[in-house]
Amino acid sequence: MSTLKKNDRLFVPLIATLSVVVPALVALLLFADFGGSAFVGDLSFLPAMNAGINSTVSVLLIVALVFVKKGNIKAHKTTMITALVLSIFFLVSYVLYHAANGDVRYGGTGAMKVTYLVILFSHILLSMAVVPLALFATYRGLSNSIVSHKKIVKWAWPIWLYVSVTGVIVYLFAHVFNPALVN
């Protein structure tokens, strides 16, 4: 039995499990009541930090694409692993903030509210798809299963980039240009 097939027996079920468990845990933590910010302290800095992380991940994804197109596989791997680690850090930070502070409601109306909701819902749905896609793409890339890696990345890369960019846009709508926050 090849090493890849043997590894698949471990990693494919692990990735599949994480792909279900992570979104379920995020949903649970977002809707559970942990006593608000009194439980963890002031986390008001996290949304801006998370937007910075999403911006950085977006840039890293583009840089990684340039590296692979130029044949610099080592730099591509390093850049993609950095993007993955930052995305995991973002996820933890995001859950902490929302578990402590709840959601911020966008106070706009009309076309702006519709635009915000379309971006928000597409961002949420596609962010759930990023978990298995990014994990399978990473696993296939690191295991040198390049044909499989390329097939996954055709979907994973644009979806991950979309989720990262729209994460920044959602932050701007909810925390910067939100009419509900004007005193």
Would you name the heavy atoms of [X] and [Y] that are closest together and state the gap between them?
{"X": "Gly108", "Y": "Asn178", "answer": "N-OD1, 4.5 Å"}
{"X": "Pro23", "Y": "Val20", "answer": "CD-O, 3.5 Å"}
{"X": "Ala134", "Y": "Leu84", "answer": "CB-CD1, 4.4 Å"}
{"X": "Pro13", "Y": "Leu10", "answer": "CD-O, 3.5 Å"}

Reported [atom1]-to-[atom2] distance for the pair [X] and [Y], which is rounded to 0.5 angstrom:
{"X": "Tyr97", "Y": "Leu43", "atom1": "OH", "atom2": "CG", "answer": "8.5 Å"}
{"X": "Ile159", "Y": "Leu61", "atom1": "CD1", "atom2": "CG", "answer": "12.5 Å"}
{"X": "Ile169", "Y": "Ser164", "atom1": "CD1", "atom2": "OG", "answer": "11.0 Å"}
{"X": "Asn50", "Y": "Leu86", "atom1": "CG", "atom2": "CG", "answer": "11.0 Å"}
{"X": "Asn7", "Y": "Leu14", "atom1": "CG", "atom2": "CG", "answer": "11.5 Å"}
{"X": "Asn101", "Y": "Leu96", "atom1": "CG", "atom2": "CG", "answer": "10.0 Å"}

Close side-chain approach of [X] to [Y], heavy-atom, < 4.5 Å:
{"X": "Pro179", "Y": "Tyr106", "answer": "yes"}
{"X": "Asp8", "Y": "Tyr139", "answer": "yes"}
{"X": "Phe173", "Y": "Val104", "answer": "no"}
{"X": "Met112", "Y": "Phe177", "answer": "no"}
{"X": "Leu65", "Y": "Trp157", "answer": "yes"}
{"X": "Asn54", "Y": "Tyr171", "answer": "no"}

Hydrophobic side-chain clustering at under 4.5 Å (ILVMFWY, transitive links): who's grouped with Leu142? Put none if nobody.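 Listed partners: Ile81, Val85.
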
By the rule that ILVMFWY residues connect when side-chain heavy atoms come within less than 4.5 angstrom, directly or transitively, which residues belong alongside Val63?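 Members besides Val63, by chain and number: Val59, Phe67.
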
Under 3.5 Å, side-chain donor or acceptor atoms of residues 146-154 against the rest of the protein: list the pairs with distances, not counting sequence neighbours.
| residue | atom | partner | partner atom | Å |
| --- | --- | --- | --- | --- |
| Ser148 | OG | Arg140 | NE | 3.3 |
| His149 | ND1 | Ala137 | O | 2.7 |
| His149 | ND1 | Gly141 | N | 3.4 |

With side-chain hydrogen bond (donor to acceptor under 3.5 Å, both in side chains) as the rule and sequence neighbours excluded, what pairs involving residues 73-88 come up?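 Found Ser87-Trp160.
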
Kindly state each residue pair satisfying side-chain hydrogen bond (donor to acceptor under 3.5 Å, both in side chains) with at least one member in residues 112-128, sequence neighbours excluded.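 Checked against side-chain hydrogen bond (donor to acceptor under 3.5 Å, both in side chains) - neighbours excluded - the pairs reaching residues 112-128 are Ser122-Tyr162, His123-Thr166.
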
Does one hydrophobic cluster hold both [X] and [Y], with members joined at side-chain heavy-atom distances below 4.5 Å?
{"X": "Leu172", "Y": "Val57", "result": "no"}
{"X": "Leu181", "Y": "Val168", "result": "no"}
{"X": "Leu18", "Y": "Ile124", "result": "yes"}
{"X": "Val170", "Y": "Met49", "result": "yes"}
{"X": "Val118", "Y": "Phe121", "result": "no"}

Flag, side chain of Asp103 to backbone of His98, donor-acceptor distance under 3.5 Å: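 Between the backbone of His98 and the side chain of Asp103 there is no qualifying donor-acceptor contact (under 3.5 Å).
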
Applying side chain to side chain donor-acceptor pair (under 3.5 Å), name anything that partners Thr138, two or more places apart in sequence or on another chain.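 Here no residue qualifies.
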
